[in-house]
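Throughout, numbering of the chain's residues begins at 1 and tracks the sequence. Counting convention: from 1, in listed order, for ligands and their atoms alike.
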Amino acid sequence: MSKLPKNFLWGGAVAAHQLEGGWQAGGKGVSVADVMTAGANGVERKITAGVQPGENYPNHDAIDFYGHYKEDVKLFAELGLKAFRTSIAWTRIFPNGDDAEPNEEGLQFYDDLFDELHKYGIEPVITLSHFEMPYHLVTEYGGWRSRKVIDFFVRFATTVFKRYKDKVKYWMTFNEINNQANYEGTFALFTNSGIQIKPGENAEAVMYQAAHYETVASALAVQIGHQINPDFQIGAMIAMVPIYPASPDPRDVFKAERAMQTRYWFADVQAKGEYPHWLRKYQENQGFNLDITLADMDVLQAGKVDYIGFSYYMSFAVKAQEKEPASYKYVESRDLVANPTLKQSDWGWQIDPQGLRYAMNWFADRYDLPLFIVENGFGAVDKKEADGSVHDPYRVDYLRQHIEQMELAVEEDGIDLMGYTPWGFIDLVSAGTGQMSKRYGFIYVDKDDDGQGTLARSKKDSFYWYKHVIQTNGEDL
Ligand code: P53
């Protein structure tokens, strides 16, 4: 009995800015990740005005994958990976974002990396924009507030599609494009869209405008990519956090429905090529004056994604307010409540393996497209023993329970699943906190939150476990 298809893409996922380092190497420009300081558990990262002396910017050096990629890829091959998901740092290719010509040294780096992967039969899976847009586009254009950024993104996408058309088949456009549904706070709008809200601005309207330009840019990239190589598979990438009603009270149920609509309309636009009716009405009722043209609608329709890539870490629950407005507007920073049936990680992420099966069914019913789980994992503090080993049964438990649910969704529910690439399978810099100590890896990297360490790589217990999972195609967990 084989549960998963033979060509199932067992892999691992990372993002350029979280592991490469080399922030100024090979002509690279400054990205939004380069102006974010280290935070801590419960302490937000600061966004500074450019790179300031005396601050700790963990992404500048990260784990120096830029300098170690050959030995690292060798380890990935030993782990048995069939796929490696990373991103192309936009600033290695277009250091300022609006440059007329690409930077050859940056292009060559990814040529070398992809060659190295293919040497071991590892398929690259590439995100175009993963929280690392050029900082120059922020200071000169206000980030994705500006329609001009569509052209810069399309230039970047076209350049790398052409360059790597015979080396990369699987692509995604914008990482977790829907994080910014939480437009309050500074993190999501800055990492998704290079936007910092100015006094007097309506953050929600700004978000809807930026996200619109991004979906248009994504649809253009999908069209262009398919022209360059019809075999390309170009996906969306959605941060899937299912939102349950806190009770069977119909008001809570409708609140959860509105919350799901608010977090996932991005996928509607990318997969169906059109806006859901509720959202256009809501935008109109709110009086947002958005630049959404009829020509844009044609672009969206002509650039639908081939698959739904998504991350899955946790689920949320919502409760209706005492008095809801007619819109039942969902405000993520206000409306969430703890789910008493679930345990949390040390970072307060509610652990919900069954929610993965729920999410897969939800996506499949809604879009009828293949799915690709491109992130899943457990951030935890690890203890390295004197002999160099790391015993991390908590990580194995988390992953085992999620893979079980993933396999049920395939076997019992008939879901078409392309692959599974657990997040941060080599320790790297946390996106949310900038910590090294929030570790996801099967491969330990010797570096601490202050940037100290030898950068030596070693195998945790989970390394041997995941290797066996891949070897048995998920039969023996
Ligand atoms: P960190 C929030 C909620 C779900 C996923 O996150 C998220 C975030 C942002 O923090 O991000 C994704 O490092 C993202 C990765 C990130 C990973 O999840 O905060 O695509 O870049 O590292 C884990 O623990």
Side-chain angles (χ1 to χ4, degrees), residues 11-20 31-33 36-45 47 58-59 62-63 65 85-90 125-133 172-193 235-243 263-264 266 308-316 332-333 336 344-352 355-356 359 372-382 395 398-399 402 421-441 445 449:
V14 298
H17 72 284
Q18 289 173 263
L19 90 165
E20 285 179 4
S31 81
V32 292
M36 295 179 74
T37 64
N41 193 352
V43 181
E44 269 196 45
R45 305 180 71 174
I47 300 164
N59 300 77
I63 63 161
F65 180 70
R85 173 181 176 233
T86 188
S87 56
I88 294 177
W90 189 343
V125 176
I126 299 302
T127 317
L128 291 170
S129 185
H130 191 135
F131 304 171
E132 55 209 359
M133 73 184 291
M172 278 166 277
T173 53
F174 291 92
N175 186 64
E176 293 189 336
I177 187 170
N178 62 317
N179 276 354
Q180 56 199 328
N182 184 4
Y183 49 81
E184 294 189 330
T186 56
F187 179 81
L189 269 178
F190 192 66
T191 51
N192 276 143
S193 300
M237 198 312 199
I238 303 292
M240 170 42 88
V241 185
I243 307 177
R263 255 193 88 87
Y264 303 110
F266 304 77
I308 304 285
F310 69 97
S311 63
Y312 181 84
Y313 294 90
M314 58 186 153
S315 63
F316 290 155
E332 192 151 291
S333 52
L336 298 177
Q344 304 188 351
S345 79
D346 290 345
W347 278 262
W349 291 19
Q350 297 181 132
I351 302 165
D352 178 11
L356 175 58
F372 196 163
I373 303 169
V374 296
E375 288 184 28
N376 173 232
F378 189 62
V381 173
D382 289 332
R395 181 167 294 113
Y398 177 100
L399 293 164
H402 284 77
T421 60
W423 174 253
F425 72 101
I426 179 167
D427 289 344
L428 39 62
V429 177
S430 156
T433 68
Q435 292 171 295
M436 272 304 300
S437 55
K438 188 182 187 187
R439 296 176 185 273
Y440 288 85
V445 177
D449 290 339

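- Nearest protein heavy-atom contact of atom 7 (C) of ligand 1 is E176 OE1, 3.2 Å.
- Near G432, the atoms of ligand 1 lying under 4.0 angstrom from a non-hydrogen atom of the residue are 1 (P), 10 (O), 13 (O), 19 (O).
- Here the heavy atom of the protein found nearest to atom 16 (C) of ligand 1 is A431 CB, 3.7 Å.
- With R45 contributing its side chain and F187 its backbone, the two residues share no donor-acceptor pair below 3.5 Å.
- Close contacts of ligand 1 with Y440, meaning ligand atoms under 4.0 Å from a residue heavy atom, involve 1 (P), 6 (O), 23 (C), 24 (O).
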Audit row: W347, M314, side chain to side chain contact (heavy atoms under 4.5 Å, CB included) steps and yes/no: CA-CA 11 Å; W347 278 262; M314 58 186 153; over 6 Å; no

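- From the protein, the heavy atom lying nearest to atom 1 (P) of ligand 1 is S430 OG, 3.5 Å.
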How far apart are the C-alpha atoms of S345 and F378, what are their side-chain angles, what is the distance that settles it, and do they pass the side chain to side chain contact (heavy atoms under 4.5 Å, CB included) test? CA-CA 8 Å; S345 79; F378 189 62; 3.8 Å; yes

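- Contact annotation: for A239 versus ligand 1, there are no heavy atoms closer than 4.0 Å.
- At a 3.5 angstrom cut-off on N or O pairs, V429 does not count as close to ligand 1.
- Close approach of ligand 1 to N175 (heavy-atom distance below 4.0 Å) involves ligand atoms 14 (C), 20 (O).
- Below 3.5 Å of separation, one finds an N or O of H130 facing an N or O of ligand 1.
- Between W349 and Y440, the ring planes are tilted. Angles from 30° to 60° get that label.
- Between D427 and I63 the shortest side-chain heavy-atom distance does not fall below 4.5 Å.
- Counting protein heavy atoms only, atom 3 (C) of ligand 1 is closest to M314 CE, 3.8 Å.
- Between V241 and R263, the closest side-chain pair of non-hydrogen atoms falls below 4.5 Å.
- Of the possible donor and acceptor atoms, none in the side chain of N178 sits under 3.5 Å from a partner among the backbone N and O of Y264.
- Here atom 6 (O) of ligand 1 lies nearest to W349 when heavy atoms of W347, W349, Y313, F131 are compared.
- Looking only at side-chain heavy atoms (C-beta outward), H17 and H130 come within less than 4.5 Å of each other.
- In terms of protein heavy atoms, atom 9 (C) of ligand 1 is closest to F187 CE2, 3.6 Å.
- I373 places none of its side-chain heavy atoms less than 4.5 Å from the side chain of H402.
- When hydrogens are left out, the protein atom nearest atom 20 (O) of ligand 1 is E375 OE2, 2.7 Å; that is the closest non-hydrogen contact.
- Among protein heavy atoms, the minimum distance from atom 22 (O) of ligand 1 is reached at Q18 NE2, 2.8 Å.
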